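See structure below.
Below, chains carry the letters A, B, ... as their sequence lines are ordered, and counting in each starts from 1. Computed from a predicted model, the values in this text were never measured in an experiment.
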Amino acid sequence: MKLPRWLRLPTQPLLRHLLLAVAGGLVLYVITLSVSQYDNLELAEIGWYAIAIAGLSVLTGVNGQISLGHGAFMAVGAYSAGLMMEHFDLPLIVPVLVAVGAAAVIGGLVGLPATRLKGPYLAGVTLALAFAVQDLPNKFSSLFNGDQGIIVNPPTPPGTVPAERWLAWITLFGAVVGMVILANFLRSRFGRSLRAVRDDEIAASAAGLNPARLRVLTFAVSAAAAGLAGGLFALWSGIVSPDSFSLFLSIQLLAGMVIGGSGSLIGAWWGALALVYIPEWTQNVSGHFNLSAGVKANMQNAVFGLLIIVIMMLAPSGIQGWLRSLWSAIGRLARRSKGDSDQAVAPLTSTPSPERISP
Amino acid sequence: MGRFVDLTLNGFTYGVIYAAVALGLVLIWRATRIVNFAQGALATLTTYIAVSLLDRSVNYWLAFAGALFAGLVIGALTERVFIRPLYGKPDLNPIVVSIGLLILVESIAGAIWGSGDRGFEPAFSQIGISVGKTHLEFSHFDVFVLASVLVLMVGILVLFRWTNLGLRMRASAFAPEVARLLGVRVGRILTTGWALATFAGALAGLLVAPKVLLSPNMMDPILVYGFAAAVLGGLDSPLGALVGGIVTGLGISYVGGYMGSSMETVGAAVLLIVVLSIRPEGIFSRPSARRV
Amino acid sequence: GTTSAKPTATTTPGVTASQIILGTTTPLSGPAAPGYSEIAPAAGAIFDYVNAHGGIFGRKIKFIIDNDQYNPTLTVPMTKQLVQADNVFATVGGLGTPTQLAVQPYLNSQKIPQLFIASGCACWTDSKYPYSFGFQPNYIVEGKILGSYVKKNFAGEKVGYLYQDDEFGLDGVKGLDQEISKSSIAGEQNYQGTSAGLAAGLGNQISALKNAGAKVVVLYTIPAATALALLAAAELRWSPQWVISSVGADPPTLAGLLSSFSKKAVTGTALLNGAITNAYLPPESDASNAWVKLSKSILTTYDKGYTAWDGNAEYGAALGYATVELLEAAGKNLTRPGLIKALETDGSKFATSGLVPFTYSASDHYGFSGSEIVKIENGNVNPVSPIYESTNTGPITTYTGSQAPVPNLFKGA
Amino acid sequence: MLEIDRLSVAYGPVRALTEVSFEARDGSITAVLGANGAGKTTLLRTITGLVPAKEGSIRYDGKEIAGLAPEEVVRRGISHVPEGRGVITELTVEENIRLGALWRRRQPDYQEAIDRAFALFPPLESRRKQSAATLSGGERQMLAIARALAAKPDLLLLDEPSLGLAPLVTAELMRIIRELARTDGLTVLLVEQNARSALSIADVAIVLNLGRVVASDKAAALASEDELRHRYLGF
Amino acid sequence: MTATTADGLPAAPAADTAPAAPATAAGLVVENVTVSFGGLSVLDNVSLTSSTGEIVGVIGPNGAGKTTLFNVICGFVRPQEGRVVWRGKQLRHHHPYDLASLGIERTLQGVGLFQGLDALDNVLVGAAPVARSGLFSALFGLWPSSREERRLRDQAMEALDRMGVAEYAARMPSTLPYPVQKRIALARALVSQPALVMMDEPASGLSASDISELAELLGALRSEMGVLIVEHNMDLVMATCDRIVVLDFGKVIATGVPDEIRADPVVTTAYLGEAVESEPADARD
Ligand SMILES: Nc1ncnc2c1ncn2[C@@H]1O[C@H](COP(=O)(O)OP(=O)(O)OP(=O)(O)O)[C@@H](O)[C@H]1O
Ligand SMILES: Nc1ncnc2c1ncn2[C@@H]1O[C@H](COP(=O)(O)OP(=O)(O)OP(=O)(O)O)[C@@H](O)[C@H]1O
Ligand SMILES: [Mg+2]
Ligand SMILES: [Mg+2]
């Protein structure tokens, strides 16, 4: 099923990903114009979730390092951006870039001890970090303003653009740019190396890759994406407080990643959609039933938990993985209808021809 | 000095509780190679079952036993329904399913029993024991907790080191396919593993609840500290779980006592990072064997 | 949430000829839900009563309760949803300091009243945010009243503080410090209001206070923390004089926790006996109080999830009465600026179930003006002082007025 | 007696075995030969139930065993040494062997069978308490075979047992297999890449190619068919 | 027979003239290496050399220490005594991943392919030591890295082609027959054009015809690089090796050209035994 040449995407990473980004961006632009202001806010939420999940996906899905505390890196980004915006009057891009940088540095530092840790041990450390990060603003409350957090003024839209739409544009633009960079990264030799280290560390080092260095690098890149998400979150939420970065956020990111399809950037968008709309739908649906307050209050989480489980069972490689297998099943069907045999195994050149010899 | 003694005793008693949770995690890790994040939520569920029994004025120890038995059943059911379909799927999936289960079970508990805090009777008095004129921050109940956890630990140690069931469990966890080729009924073994681990969790719940008030989210922080304890000691080692729990409890107590309560979680994280930087697979891990 | 602008957009959002839409965010699940989850439904029951009796100027109140789990990250989108999708006229009784602070700029920028915030933070009076109003006596005032009682009645005794390390605890301590001299303070301890902060109990803090020689311990704690503190002291066989902020001293809630603790301890509900706290609503155990009677009967009929009468239910009902008063005061032609004006000019005259009037004026957006000191004895609360009033910096005065009578609207209940 | 009748197996769309039929008499050694990818491993894995059969039947001692779970097949006296050893590296050498025999621990000769397995491979004896992870490649192969023998099987399925073994050990192994077949009546299905050495001890042999049986005969007869040898066996 | 190494230095003398080269010669020199694990001596004073133009075989009974010797060279195992010298410089505290950039590649026992990468990407990972483009260029997808990527891709295709498996470039390893996988692993080791390749049991699991193709291939590599192989398949070893080192219980018990080794009675009793076809003597009584 090859497309004609002029329809195929360029192979040069930047051109290829920019083209995809512009196409995706156009679609999003049209959507922001045609939906309500509240929906725009949700689009903005999808934006920061998506880039945070994408960052986690690079770390966990592509490099095989489990992080149960990615919310901590978002906190780093959000607080850096929040503090910058509180104390200086700079164009928006500056605090956001600072958020990315700060998170990358912290991520790299966390990555250092993490390079020697495997599976659950790394999970334990990141979990503890996510737990600790909530208390730091209290310890240094003169800087971080304790539990109350830092209030971030919403960005002022130009002209007559409604504030919500402007927010959606900013977050989605940030997320898409972040995605382009992550996509470039994954398509480069670094991306390949990360996968190699994930699959077989011994073979990777025999092939000349330094697993420890690659792990730190991945941590930094992944945290940078989370930092970007944190910066966008600060704008979207209007407040940066310790409670914004509870363990639940980290867990949501992980769940979103696996639901969307771990290791896939497109999957990150599916995951973000799920995180934003599953609770909303549950709330709307449970509103139609005459449930007692106690049940209603727990409905949202119960359905969320149940859906996580169900998706993992029905689509073990997430939504993106499911779509992919659907696509290849369609491809197989198409081929079969063209009359190709289903013996898909290609015989070896050195394998003798299969004619039968009677003994 | 009195303060130091209090901090030590307080840290120790909570450390033993973290150890109880850690032991459950170790058990399930060795038996199935899965970190069960729903461990705490399932323990909360069984504790609520004990409460419901107590509310119907069932004898305390019967209710206690009832909760433990419920742990066995719930663990086995959980494995059959939620975990069995996941074998052979990516490593992350069981983790995420256990997280989903955690959220689901806690909200079910919240829906049935309400989100409110409630007390849970301790098995023995929680009033501190007196030595001469000083009242120690260590009660008869704490003695009971310590004894239970020690018994649990020795039980797990014996199970894995000296019993055939333990041998089968380890084999099934590491290499299910090969184990089946050696005649091990892997399915049953994994179900047993979950049942036993949830039993251990149920015990932890009954020991934790009197100390921290019973609510659907009761075990969340305890699970985090228990997980930290298990990782600290080495996920494969029951002794490590005990030591890891006590180290975590003491660490948190000293940090909280001398540096302020907002440093407790930070202290736990630092402790974990420092120890694992030196011993990446926990204090009691064996040096890793050849890899090539 | 896809509701776009309604045809009535030219008039005030959330108000039609037959309906007023109000919204709130509150923890119905999660760590802060215990107790607090009763508040919003209780307020809703009052509205339902009013609706069943003709509404306000013919308008029925639609009250939307969103569960933000006491997490500002959820409060923000949920509040935006209330405004943009549900088209609320105002938010009422949003619960929590960090949660409501998170939406304060947004609500004010949209000129949406943020009424009767369920928090005593000394931060709700702020000229930048004219649409925000607190409900409880602010924690500084409360601290001052408790502090002066301690100073008077436990003179010469060493005092220890245990407070939650956030605005709630810190504001309380600010008030206490105005009254209690530094020299009589034996020690100060705090804890984190997160679930992790309570996971290891409060044994360390209590033992530190005991070792420092405190005889009176003031608790600025939420109910769960109060229970843990009492338990830790019992474990040390230590029984100081407890002085507990009204936030964490609701006897039915605590008694439930403590009675089960102490089953294996020395005596019944002894742990809470003799504790001092403050109250700005009539004692819930005062069955003869007209407002208490009224609330109990309304809640029994109209609150679907109603289980037991306690301080949280009483608080929610009080929120409901105040809201109804306000909507009536704002008049038939209901607009947001009109509502604010009514609250600032007439707020201090509202007939509410509080023991004291509101302080509201153009320059004061705190709620109740003070409280009385009560002692917990065998699960009942008994007043042991006159009713006091104060401001953040002013002197403490005695309030001599009596509680407002039940308005006609509620006479039928 | 193992009877396989018109057995077909597929991995999704990939057909791995097509209508394979043959019999293995008690006490006989059957060599299963063929190029890489011919389906030899699949055949053994299907017999033990690790791979489901699509069609056909597998009968052992007159009873159908297709469709049984591997652990149940094993408990009928069939031991399988999987390709690539399948040593459980997290256990010690002794635990590996004990586990192999554990399902028949109630039989009186349980301990004796374990001891005999050790005796067959002296390098293992000296490493009893060592973690299997420390073993060399060849030592692991020995362990896998010893473990299968410790279960005292009636039917032994060997998937490339000589892989990684030193020539001397391979020869010794072949001798042991032949002896067990003769004296104990052990039935053996021997998959070998090294056709020459397999044919030297086998009674009969079948040759698979692309999942079909292309030849089956007495081992000696096959070895002398030059065209077949060149075409399928590469020597 | 004299060849030149990649540096243009004369290669070590051919096997038939001198069994051990002096430490100054270019190539790999292992000197007096001793390794023991918890008291168990695995390598005992082992020395060995290898240089371009030469295929050296290491054989010996199971557990003799062959893989351990490879691990010492690669840095997976640190010797208690002795040293490893590469091109005249001692390798000290080196890590496995350093070797590739020094020009030493290794294949693992089995195949060791990355299951999550297709065949071409597997080979491209092997090209990592020669990749130069930076992180910045990779993040922004700039032309330096994409140009280099194209160049490496061509090289990787060439390497696959040379192993005769170019047609499988886009396939995932798990879907390919074993011998093809082995060839891809070999292509991965060769793509960076190393000066020395170390192979651990390259013939294991291959059929006779595949082994003879492998032998041809190794012969073709001889002129370009040094080859060090550990192998139990005597057909391959005897057909390709210029020089053979025999280990037993961690000690070198013999060194020489294939014919010498075959004739050595010590080697026969310790390792080779009689021909497989005949009834073996009871060597293990
Ligand atoms: N899990 C699997 N999924 C898909 N195809 C498979 C799987 N296992 C084997 N195959 C295919 O089935 C066919 C038979 O494989 P099998 O492993 O049985 O051959 P073999 O004769 O044992 O080969 P070798 O000598 O390499 O071990 C091959 O084409 C192989 O690619
Ligand atoms: N970490 C370790 N602890 C204990 N013994 C070890 C360790 N590593 C290797 N050994 C032992 O060292 C010996 C040499 O192992 P090595 O893998 O080098 O053998 P080999 O020559 O490659 O054998 P084979 O031909 O079977 O692959 C073996 O007997 C092995 O059991
Ligand atoms: Mg095979
Ligand atoms: Mg080896």
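- Nearest heavy-atom pair across B/R180 and D/V74 is O-CG2, 3.8 Å.
- Heavy atoms from other residues, nucleotides or ligands lying under 6.0 Å from CZ of D/R128 number more than 12.
- Looking at D/L99, both its backbone and its side chain come within 4.5 Å of chain B, counting heavy atoms on both sides.
- For the pair D/R147 and B/V178, the minimum side-chain heavy-atom distance is below 4.5 Å.
- The residues D/E90 and B/R30 are annotated as not salt-bridged, no charged nitrogen and carboxylate oxygen being separated by less than 4.0 angstrom.
- More than 12 heavy atoms of other shown residues, nucleotides or ligands fall within 6.0 angstrom of atom CZ in D/R105.
- In this structure, CZ in B/R170 is found 5.5 Å from CG in D/L91, a value given to the nearest 0.5 Å.
- Residue contact with chain B, scored on non-hydrogen atoms closer than 4.5 Å, is absent for D/R76.
- Side-chain contact between B/N164 and D/R98: present, with at least one pair of heavy atoms (C-beta onward) separated by less than 4.5 Å.
- More than 12 heavy atoms of other residues, nucleotides or ligands lie within 6.0 Å of CG in D/D61, so this atom counts as buried by the packing criterion.
- Counting heavy-atom neighbours within 6.0 Å of B/R84 CZ, excluding the residue itself, gives a total above 12.
- Summarising the local packing, OH of B/Y87 is surrounded by more than 12 heavy atoms from other residues, nucleotides or ligands at distances under 6.0 Å.
- Within the 4.5 Å cutoff, the side chain of B/L182 has no heavy atoms near those of the D/L102 side chain.
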